[in-house]
Amino acid sequence: MIRISLPDGSVKEVVAGTPILEVITSIGPRLAKAAICAVVDGVLTDVREPLTQDSTLTVLTKEDTRVLETIRHTTSHIMAQAVKRLFPDVKLGIGPAIDEGFYYDFDLTAALADEDLERILAEMKTIVSQNLPIIRKELTVAEARTLLQSLGETYKLELLDELSNLEGETITFFEQGEFIDLCRGPHLQSTGALNPDAVKLLSVAGAYWRGDEKRPMLQRIYGTAWEKATDLEAYEWRQEEAAKRDHRKLGKDLDLFSIHEEGGAGLVCWHPKGARLKRTIEEFWYQQHDLGGYEIVATPHIGKATLWSISGHLDFYRDGMYSPMDIDGVDYYIKPMNCPYQILIYKTKVHSYRELPLRLAEMGTVYRYERSGVLHGLMRVRGFTIDDAHIICRPDQVDEEIRRVYAFSMNMLMAFGFTEFDIYLSTRPHGDKAVGEIERWEQATDALRAALDERGLPYQVDEGGGAFYGPKIDIKVKDSLGRSWQCSTIQFDFNLPDRFDMTYIAEDGKEHRPFMVHRALLGSLERFIGCLIENYSGAFPVWLSPIQANVIPIADRHVEYAHRVADQMRTAGIRVTVNETSERMNAKIRNAQLQKIPYMLVIGDREQDAGSVAVRLRTEEDLGDMKVHDAVNLIRSRIEDKSQQLT
RNA sequence: GCCAGCGUAGCUCAAUCGGCAGAGCAACGGAUUUGUAAUCCGUAGGUUGCCAGUUCGAUUCUGGCCGCUGGCUCCA
């Protein structure tokens, strides 16, 4: 007998091997009917699985959001069944549930088009209406192999080979009608349990088998599934809202930047307003770095092959570099990274241990080859500016420096209004792929971990995910469509100090190798601005707004006073424009609103006589009449405190 | 790079099952001088991404290239 603990604190004793569903039935037949899946010892589990040891059991019904994973997984099976009915020669890849939906990969001779998605969905609805029971089966490896061979599922056979090594002898399958699939589960109890009105097939995409581009490309169908049709509608509405925040659309609407076919893919042109935004960020960044103990440097855009050969870039990073250009018979490369030149600056003299830590920083523009298919607005480009710095320090300074730089990084990101991050700690790659002594790796990794723990924010550890040259912390922020983009990175480097033979003279009068840390806080300025645009939907806090105030004279006779007001504002350091077109006031307000200008200063006879302005906010709030200097003070204080508040 | 889709005026989008390419906004000219999200009238704007091919005729069909979108892979 084994003991099963239930959420209400009660305990049921059952024979080992009793299926979960039987236990649930003994709790109540109604619950058994409503049960979609279960959580056993914290793991999402199919209700047909047997309980083999003492465990805690939670039954999930459709009220629990965790069942979505099960619903989506079953939907992917139903989709695969539909595809198999329509295209009998199809071979199945994998079909998991993902964040907001599911996909399934198919090896199919015919190319799938949107019309096919409609046909597939129609067939899926048929399968739902047939209400086929979903049966869980346990087979031995040999039985499983025979079954998959008879089905001709070569990809599944490959998966089976890996599974049979890992999981011993029992392989689970799920069967619904004529369809059977190798699968761990959990699944719904029948195809009829799916709500066909809450399912949508979204897109077809190519995907390499097992993510390996040397292997066949399969056709992946993405879809989404929910409990209720209203949930699907809510999801679609969220997608539409997210699309409105897309930085590519807002970049155009707000006249921030452009990328040109004639100029080249992935090469960004900043328009006046976008460049203003970029400059504001840079000015703040320089100011913070002055306060933070950094020395600002500047380095060239191209460099001789010699440099990239010493640094190892020509060996390890060649794929990311552009072809050399010939200057007087010597190969020069456009720089993909800033570090080698900063190291040359370090090496121009002998350094005492007293000088360290040395923190060299620059806004360094680099160019990297990116395959055409991965380019994406400002988020993935071929030319970008990194807010790059290299911290060179003694071993005894590592802890303090990492703590400082991590805090500096978080403060910087938070100053720009980001509050949600995904933080990763990547440790030493396994095997002999990593350079540098193990002790150094350990010291460095401990320093990174300590800084993260001290701050107390949750992070994930990517074991073995570090670069070959050192462990690192990565901080990612999410875009409007939920894709996460790396901004900050703090990376130890045990490679370049050796390659460039960097040294300092310690107390013992001998040369020692310093630690070196690469770090970027904003990452790529281009990407960072893309994230900023999406984070704020283009309605930037006042200090970042390219235009902070727009003066709106009601009639031509107010234009002169409007300019006097604007001059006062400008003198006070406010970025202000005057709308002197012959549009009506309503149109002027609308245009300012569409440009997401935080303050609209309306001026008519009343204001002109009183020496005031009528302040309207882009939030549609009307602050009414205000003396000009009061308006100036209000806007100035919102610029200075960098808040998102306008009042 | 690979798979699929897309590319029409500055922007958003129509249209042509192969037969003179259209609207709104923006721009420009004029009138209007307006009180919190679009004043009216007019003018101009295009080798339908580029290059070939098929055809009496291609923006439409075919091929190549460039670019964009969604993925795969990689990364700031």
Side-chain angles (χ1 to χ4, degrees), chain A residues 103 105 108 111-114 116-117 202-222 243 246 248-249 252-253 255 258-266 317 319-320 336-338 364 366 368-388 467 474-476 481 483 485-489 491 518 520-528 530-531 552-559 581-594 600-607 614-618 620-625:
Chain A
Y103 67 80
D105 287 346
L108 197 56
L112 292 170
D114 286 351
D116 295 316
L117 293 187
L202 300 170
S203 61
V204 186
Y208 297 104
W209 171 237
R210 318 233 71 186
D212 182 347
E213 62 189 278
K214 292 182 194 71
R215 314 198 67 177
M217 178 161 277
L218 309 181
Q219 297 188 67
R220 174 174 298 178
I221 301 177
Y222 281 93
D246 191 310
R248 293 165 298 184
K249 175 180 160 47
K252 199 179 276 181
D253 291 351
D255 195 14
S258 56
I259 297 170
H260 303 265
E261 190 171 338
E262 308 88 313
Y317 202 73
D319 290 350
M337 292 190 197
N338 300 304
V366 299
R368 298 183 187 172
Y369 173 71
E370 291 290 348
R371 299 198 280 184
S372 60
V374 305
L375 299 173
H376 179 88
L378 295 177
M379 300 302 201
R380 176 65 60 66
V381 293
R382 285 179 171 161
F384 56 102
T385 301
I386 307 181
D387 67 316
D388 213 350
D474 289 328
I475 303 172
K476 300 185 179 188
L481 295 170
R483 289 178 285 216
W485 298 95
Q486 183 165 323
C487 289
S488 297
T489 183
Q491 309 186 343
H518 306 260
L521 308 184
L522 313 179
S524 136
L525 227 52
E526 282 70 8
R527 172 179 296 178
F528 187 75
C531 291
I552 297 175
I554 289 175
D556 285 350
R557 64 179 177 280
H558 309 123
V559 168
T581 64
S582 66
E583 285 168 323
R584 292 174 59 173
M585 184 203 62
N586 279 316
K588 291 178 183 179
I589 285 174
R590 179 168 193 272
N591 287 330
Q593 190 83 43
L594 290 175
M600 287 158 246
L601 310 173
V602 179
I603 282 169
D605 290 335
R606 287 204 303 270
E607 289 75 15
V615 181
R616 182 193 204 272
L617 308 180
R618 69 174 166 215
E620 298 185 41
E621 200 176 339
D622 187 354
L623 299 188
D625 252 31

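Reminder, nothing fancy here: chain letters follow the sequence lines and each chain counts from 1.
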Closest heavy-atom pair and its distance - A/V615, A/D622: O-OD1, 3.3 Å

For A/G523, which contact category applies under a 4.0 Å heavy-atom criterion: base, sugar-phosphate, or nothing? sugar-phosphate

Taking 5.5 Å and 30° as the limits, would you call A/F384 and the base of B/A76 a stacked pair? yes

How would you label the contact of A/E526 with the nucleic acid (heavy atoms, under 4.0 Å): base, sugar-phosphate, or nothing? nothing

Show your working on side-chain contact (heavy atoms from CB on, under 4.5 Å) between A/V381 and A/E370 and close with a plain yes or no. CA-CA 7 Å; A/V381 293; A/E370 291 290 348; over 6 Å; no

A/T581 and A/K588: side-chain contact (heavy atoms from CB on, under 4.5 Å), yes or no, with the steps? CA-CA 8 Å; A/T581 64; A/K588 291 178 183 179; 3.9 Å; yes

For A/L522, answer base if it contacts any base atom (sugar-phosphate contacts may also be present), sugar-phosphate if it contacts only those atoms, and nothing otherwise; contact means non-hydrogen atoms under 4.0 Å. nothing

Rounded to whole Å, how long is the line connecting atom CG of A/D319 with atom C1' of B/U73? 12 Å

Given a 3.5 Å cut-off on both pairing distances, which stems involving RNA chain B, each at least three consecutive Watson-Crick or G-U pairs, are present, if any? B:1-7 with B:66-72, B:10-13 with B:22-25, B:27-31 with B:39-43, B:49-53 with B:61-65

Has the side chain of A/R380 got a donor or acceptor atom sitting under 3.5 Å from an opposite partner on the base of B/C75? yes

Apply the side-chain contact (heavy atoms from CB on, under 4.5 Å) test between A/E583 and each candidate in A/I552, A/I589, A/N591; give the one that qualifies. A/N591

B/C61 and B/A37, which share atom name P, separated by this distance in whole Å: 46 Å

Contact state string [nucleotides 30-41 of chain B, B base, S sugar-phosphate only, - no protein heavy atom under 4.0 Å]: -BBBBBBBBB--

Hey, does A/Q219 reach any base, or is it just sugar-phosphate, or nothing, if we go heavy atoms under 4.0 Å? nothing

Once you apply a heavy-atom cut-off of 4.0 Å, does A/Y369 come out as touching a base, just sugar-phosphate, or nothing? sugar-phosphate

Which comes earlier along RNA chain B counting from the 5' end, the contact point of A/G266 or that of A/R527, where each point is its nearest nucleotide? A/G266

Could you give the distance separating B/G30 and B/U48 at their C1' atoms, to the nearest angstrom? 33 Å

Nearest whole angstrom, please: distance from the P of B/U69 to the CG of A/L378. 11 Å

May I ask you to test the A/R220-A/S203 pair for a side-chain heavy-atom distance under 4.5 Å? no

Hey, is the side chain of A/Y208 pairing donor to acceptor with the base of B/G1 inside 3.5 Å? yes

Look for any protein N or O under 3.5 Å of an N or O in nucleotides 44-47 of chain B and output each such pair with its distance, or none.
none

Pairwise P distance for B/G57 and B/A52, with rounding to whole Å: 15 Å

Minimal non-hydrogen separation, A/A265 against A/L375, with atom names: CB-CD1, 3.5 Å

Which part of the nucleic acid does A/F528 contact within heavy-atom distance under 4.0 Å: base, sugar-phosphate only, or nothing? nothing

Would a 4.5 Å heavy-atom cut-off, applied to side chains only, mark A/P553 and A/E607 as touching? no

Pairs: protein N or O with nucleotides 10-13 of chain B N or O, under 3.5 Å:
{"unit_1": "B/U12", "atom_1": "OP1", "unit_2": "A/K252", "atom_2": "NZ", "d": "3.3"}

Across the strands shown, which category fits A/A520 at heavy-atom distances under 4.0 angstrom: base, sugar-phosphate, nothing? nothing

Short side-chain N/O contact from A/R248 to OP1 or OP2 of B/C68, under 4.0 Å: no

Work out how far the P atom of B/G70 is from that of B/U33, and round it to whole angstrom. 49 Å

Can you find a heavy atom in the side chain of A/R215 that is under 4.5 Å from one in the side chain of A/Y208? no

Check the pair A/N586, A/R590 against side-chain contact (heavy atoms from CB on, under 4.5 Å), reporting the backbone distance first and the verdict last. CA-CA 6 Å; A/N586 279 316; A/R590 179 168 193 272; over 6 Å; no

How many Å lie between CZ on A/R210 and C1' on B/U73, as a whole number? 15 Å

Rounded distance in Å - CD (A/E370) to P (B/C72): 15 Å

Here the distance between atom P of B/C68 and atom CE of A/M379, to the nearest Å, is 16 Å

Among B/G71, B/U73, B/G49, which nucleotide sits nearest the side chain of A/E261? B/G49

Using a heavy-atom cut-off of 4.0 Å across all strands, would you classify A/V381 as base, sugar-phosphate, or nothing? base

Please state the P separation for the pair B/U47 and B/U59 - nearest whole angstrom. 12 Å

Could you work out the separation of B/U43 and B/A38 based on their P atoms and round it to a whole Å? 26 Å

Could you tell me whether the side chain of A/I554 reaches within less than 4.5 Å of the side chain of A/V602, counting heavy atoms only? yes

Begin with the C-alpha distance, continue with both residues' side-chain angles, and end with the deciding distance and a verdict on side-chain contact (heavy atoms from CB on, under 4.5 Å) for A/V366 and A/N338. CA-CA 7 Å; A/V366 299; A/N338 300 304; 3.6 Å; yes

In this structure, how many angstroms lie between the P atom of B/C74 and the CH2 atom of A/W485, rounded? 14 Å

Expressed in angstrom and rounded to an integer, what is the separation of A/H376 atom NE2 from B/G67 atom P? 17 Å

Of all residues at least two apart in sequence or in a different chain, which pass the ring pair (Phe, Tyr, Trp, His ring centres under 6.0 Å) check with A/F384? none

Contact summary for A/G206 and A/M217, nearest pair of heavy atoms: CA-SD, 3.9 Å

Contacts of A/Q593 meeting side chain to side chain donor-acceptor pair (under 3.5 Å) (sequence neighbours excluded), chain-then-number -> A/R616

From the list B/G71, B/G67, B/G70, which nucleotide is the closest neighbour of the side chain of A/A265? B/G67

Expressed as a whole number of angstroms, how long is the span from A/R382:CZ to B/C75:C1'? 14 Å

Does this structure show an ion pair linking A/R248 with A/D246, if we count only N-O contacts that are shorter than 4.0 Å? yes

With rounding to whole Å, what would you report as the distance between B/C51 and B/A21 at their C1' atoms? 22 Å

Look at the side-chain N and O atoms of A/H518 and state whether any lies under 4.0 Å from the OP1 or OP2 oxygen of B/A76. no

Would you measure the distance from the C1' atom in B/U60 across to the matching atom in B/U55 and give it in whole Å? 13 Å

A side-chain contact here means heavy atoms from C-beta on lying under 4.5 Å apart; do A/K476 and A/W485 qualify? no

Kindly indicate whether the side chain of A/R527, heavy atoms from C-beta on, has any atom under 4.5 Å from the side chain of A/L522. no

